[in-house]
2 protein chains.
Amino acid sequence: MPGNYLKETDQALTIFKDYCKKKQMRYTLERETMIKALYRLEGHFAVDDLLRNIRRHNPKARIAKTSVYRALPFLMDAGLLRESIAGVGSIVYEHTLGHRDHDHLRCLRCGKIVEFYSPDLIGIQTRICRKEQFLAVRRINTVNGYCRLCKDTAG
Amino acid sequence: MPGNYLKETDQALTIFKDYCKKKQMRYTLERETMIKALYRLEGHFAVDDLLRNIRRHNPKARIAKTSVYRALPFLMDAGLLRESIAGVGSIVYEHTLGHRDHDHLRCLRCGKIVEFYSPDLIGIQTRICRKEQFLAVRRINTVNGYCRLCKDTAG
DNA sequence: TTCTTATTGCATCTTAGTTGCAATAAGAAT
DNA sequence: ATTCTTATTGCAACTAAGATGCAATAAGAA
């Protein structure tokens, strides 16, 4: 469990409550459970990881995967979550609360993910979008390859 | 059909013949058909587009989708093709022959894809990989958002 | 022409994600 | 507190992408 789990969770719950009010949506027990689970997970995770975590911690709460899939777009829209890595089968999410905008190197052999932060890179993307009169919603920048430890043994 | 279809196709077939020889693989009629279809398609395409193109042009050749899925990794490894856009459901491919290394803006409303070429951006990625001792195989850089024509009507 | 074995097509499976719908429960109105 | 509206839920069934096991086929070397 991450260090400031409680603080981040509380912050997230408040944000989502406000979001629901603004959008005339309902703040349900299921969504609260889901957000709590979200912050129990560190780093990058797929929907399946999230579901398993919910079910492990709330064996009696019968939250359907459908509900999770339906809630995800709202959580992203509320600014709690975003899609993360490119080039894997299923979509991988990560928290945005307390995480600055960053990108990823992904090892094709061991699956390790290295985050990197490059304002220069973000600046270039911003400039290109401006030139094309393109309204950016979500940048994705991933380099797939082999990490330091795997590259020697990579075919 | 792209301008220099014949030239590119021939070049691709030659490359793939050599690749098969080197890897003790068989250069089959099915793979040849597939490569020809590949170069009939412009720009970005999914496996399904490829299959439809093959079946339209070769109604009697019964190429199974399984075979296409199995051949794709080889075509990529041979340098004819690469995975292209991030953040869509199915994987999108594009030719590499005669296409310099570029990236994409993708409109979430109309689906339009704008290519852009930025050596600065590639340079930054290269520098980061060097620093992390990471062997890059495939860069992905996509900005999802709304294009000039769609951004005013985007909720 | 023969023989080895990579590749194919088919059928079947898996996994991610979606949809329709009746039942439930927020939360606003009374 | 109770009622009422309607957003949300759980379930089941569906779709679509892609993978897999296997017997039949066909490259291409001998």
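Worth saying up front: this structure is predicted, and the values here are computed from it rather than measured.
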Close side-chain approach of T142(B) to I140(B), heavy-atom, < 4.5 Å: yes
Test of ring centre spacing under 6.0 Å for Y117(A) and H99(A): no
Please report, to 0.1 Å, the donor-acceptor pairs under 3.5 Å made by any side chain of residues 58-83 of chain B, with sequence neighbours excluded.
{"from": "D77(B)", "atom 1": "OD2", "to": "Y19(B)", "atom 2": "OH", "distance (Å)": "2.6"}
{"from": "R82(B)", "atom 1": "NE", "to": "E94(B)", "atom 2": "OE2", "distance (Å)": "2.8"}
{"from": "R82(B)", "atom 1": "NH1", "to": "D101(B)", "atom 2": "OD1", "distance (Å)": "2.5"}
{"from": "R82(B)", "atom 1": "NH2", "to": "E94(B)", "atom 2": "OE2", "distance (Å)": "2.7"}

Whole-Å distance separating the CG atom of D49(A) from the P atom of dG17(C): 11 Å
Qualifying residues under salt bridge (charged side-chain N to carboxylate O under 4.0 Å, His left out), relative to K7(B), sequence neighbours excluded: none
Side-chain H-bond candidate by donor/acceptor type, R106(B) with N144(B), under 3.5 Å: yes
Between P of dA16(C) and CD of E83(A), the distance in whole Å: 15 Å
Given DNA chain D, 5'-ward residue of the pair D48(B) and L29(B), judged by closest heavy atom: D48(B)
Rounded (10°) bend between the five-pair end axes of the helix from dT1(C)-dA30(D) to dT30(C)-dA1(D): 30°
Side-chain H-bond candidate by donor/acceptor type, Q125(A) with N141(B), under 3.5 Å: yes
E32(B) CD - dA27(D) P separation (whole Å): 11 Å
dA19(D) phosphate, OP1 or OP2, under 4.0 Å from Y69(B) side-chain N/O: no
Detail all sub-3.5 Å separations between protein N/O atoms and N/O atoms belonging to nucleotides 23-25 of chain D.
none

Salt bridge flag under 4.0 Å for residues K22(B) and D18(B): no
Residues that S90(A) engages under side-chain contact (heavy atoms from CB on, under 4.5 Å), provided they are two or more places apart: A46(A)
Ring centroid separation H95(A) to Y39(A) under 6.0 Å: yes
Donor-acceptor contact present, side-chain R56(A) to main-chain L51(A), <3.5 Å: no
Nucleotide-resolved protein contact map, nucleotides 5-14 of chain D, B/S/- at heavy-atom distance under 4.0 Å: BBBSBBBB--
Check: R139(A) side chain, T126(A) main-chain N or O, donor-acceptor pair, under 3.5 Å: no
